[in-house]
2 protein chains.
Amino acid sequence: MLSNSSKYAIKGVLYLALNSDEDHKILVRDIYKVVHVPEAYLAKLLQELSRHGIISSTRGPRGGFYLNSDDRRRTLMDIVKVIDGEKRVNSCVMGIRNCDMNNPCVLHKLVGSNKTKFIRVLENTTILDLIEGKQDIEEFFPN
Amino acid sequence: MLSNSSKYAIKGVLYLALNSDEDHKILVRDIYKVVHVPEAYLAKLLQELSRHGIISSTRGPRGGFYLNSDDRRRTLMDIVKVIDGEKRVNSCVMGIRNCDMNNPCVLHKLVGSNKTKFIRVLENTTILDLIEGKQDIEEFFPN
DNA sequence: AGATTAAAAGACTTTTTTATCCTTTTTATG
DNA sequence: CATAAAAAGGATAAAAAAGTCTTTTAATCT
């Protein structure tokens, strides 16, 4: 449903939401330990997000990754779509072709409504929503 | 959340539920096309389930896979646990160690209740529940 | 301008998942 | 008892996902 990569990416973005802005950019080197994601891999994921305009970055000295105010209004689904692709998220619980709400398989009826709700959460929750009232990264990533 | 293998296995078991009993056993050869799963792979999965006592099988002429009445009372979770292992299903949405209902990360609060419901469906739905009132495999696996 | 710093890009490796093939064992039945 | 049918098991291959490394490009600061 959600790949590890997507989870990693979300963690990274949440870190940026809590710690960065236009004139306080963040190096991958300073994130990866906190969110428990391999450095080079996290770099790749953030680059991918940046390339798709979900987060921001600049190169060179004093550069790094950061979120501007538009970035903060991105939803979790925006991230997931870039990392996992649209197909994966929308695919039938049972992986059945041509199975959707109109032509549902039996499992779909059982599990489908949960999945739909899950997707709706991803679509309706922005980064900003998530960090509201939080200032400690530990609240997101205990242990 | 659910591997392809688990989905395959569930499909196979549903086919058995609709078409087999103690004295009408089924060959993998006769299932795989209907449920759109590679023959040898489906065989492997059903063998695994049989080995764990989730479904039944006998070798030799007139042998094959089948469900007895106990098998029919198995839940979807029984299948998933054998194929994916317990860990995968119960792992935190965010893959965070030591994150659970008692010590939840922020994503957990958002998405966690959906996931919990999903797990509860898997745990509470038996094969028998699923096929109730159905007699056509196409209703499960359209297309 | 030159050196340095940091992301961007891409090639490469490893691991996991999915899938296939071939041999062995079991069992029903003629 | 021989034979054929079927699952069981083991070994291997292919594909996808996860992870690493190296080079290139861009920004900044002497």
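Note on naming: letters A, B, ... go to the chains in the order of the sequence lines (proteins, then strands), and numbering restarts at 1 for each one. Side chains are part of it too, since the values below use all heavy atoms of this structure and drop only hydrogens, waters and symmetry mates.
In the hydrophobic clustering of this structure, B/L76 groups with B/L18; members are Ile, Leu, Val, Met, Phe, Trp, Tyr whose side-chain heavy atoms approach within less than 4.5 Å, directly or through other members. In terms of hydrophobic clustering, with Ile, Leu, Val, Met, Phe, Trp and Tyr side chains grouped at heavy-atom distances under 4.5 Å, B/Y15 and B/L27 are assigned to different clusters. Under the 4.5 Å side-chain heavy-atom criterion for ILVMFWY residues, a single connected hydrophobic cluster contains both B/V13 and B/I54. Residues A/M77 and A/Y8 are members of one and the same hydrophobic cluster, defined by side-chain heavy-atom contacts under 4.5 angstrom among Ile, Leu, Val, Met, Phe, Trp and Tyr.
Annotation: side chain of B/T125 is not in contact with side chain of B/T75 (no heavy-atom distance under 4.5 Å). Counting heavy atoms from C-beta outward, B/L14 and B/I131 have side chains that approach closer than 4.5 Å. Between A/D129 and A/N124, the closest side-chain pair of non-hydrogen atoms is not below 4.5 Å. The closest side-chain heavy-atom distance from B/S56 to B/F65 is not below 4.5 Å.
Using a 4.0 Å cut-off on heavy atoms, none of the residues of residues 20-27 of chain A approach DNA chain D. Residues of residues 55-62 of chain A having a heavy atom closer than 4.0 Å to DNA chain D, listed by number: A/R59, A/G60, A/P61, A/R62. For the segment residues 38-50 of chain A, the set of residues with a heavy atom within less than 4.0 Å of an atom of DNA chain D comprises A/P38, A/A40, A/Y41, A/K44, in numerical order.
To the nearest angstrom, P of D/dA17 lies 14 Å from OH of A/Y8. Atom-to-atom, OH of B/Y32 to C1' of C/dA19 comes out at 14 Å; the value is rounded to the nearest Å. In this structure, the NE2 atom of B/H36 is 18 Å from the P atom of C/dT18, given to the nearest Å. Whole-Å rounding puts the A/Y66 OH to C/dA6 P distance at 16 Å. Atom-to-atom, NE2 of B/H52 to P of D/dA7 comes out at 19 Å; the value is rounded to the nearest Å. Atom pair B/K11:NZ and C/dT18:P shows a separation of 13 Å (rounding to whole Å applied). Going from atom CG of B/L2 over to atom P of C/dT18 covers 11 Å, rounded to whole Å. In this structure, B/I31 places its CD1 atom 13 Å from P of D/dA6, rounding to the nearest Å.
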Please list every donor-acceptor pair under 3.5 Å in which a side-chain atom of residues 41-48 of chain B meets a protein atom from a residue at least two apart or in another chain.
residue : atom : partner : partner atom : Å
B/Y41   : OH   : B/S5    : OG           : 2.6
B/E48   : OE1  : B/R51   : NH2          : 2.7
B/E48   : OE2  : B/R51   : NH2          : 3.3

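In terms of phosphate contacts, B/R51 brings a side-chain nitrogen or oxygen within less than 4.0 Å of OP1 or OP2 of D/dG9. Checking the phosphate oxygens (OP1, OP2) of C/dT18, a side-chain nitrogen or oxygen of B/S5 falls inside 4.0 Å.
Residue pairs satisfying the salt bridge (charged side-chain N to carboxylate O under 4.0 Å, His left out) criterion with at least one member in residues 65-79 of chain A, sequence neighbours excluded, are listed as follows: A/D70-A/R73, A/R74-A/D78. Residues in residues 23-43 of chain B take part in no salt bridge (charged side-chain N to carboxylate O under 4.0 Å, His left out) pair, two or more places apart or across chains.
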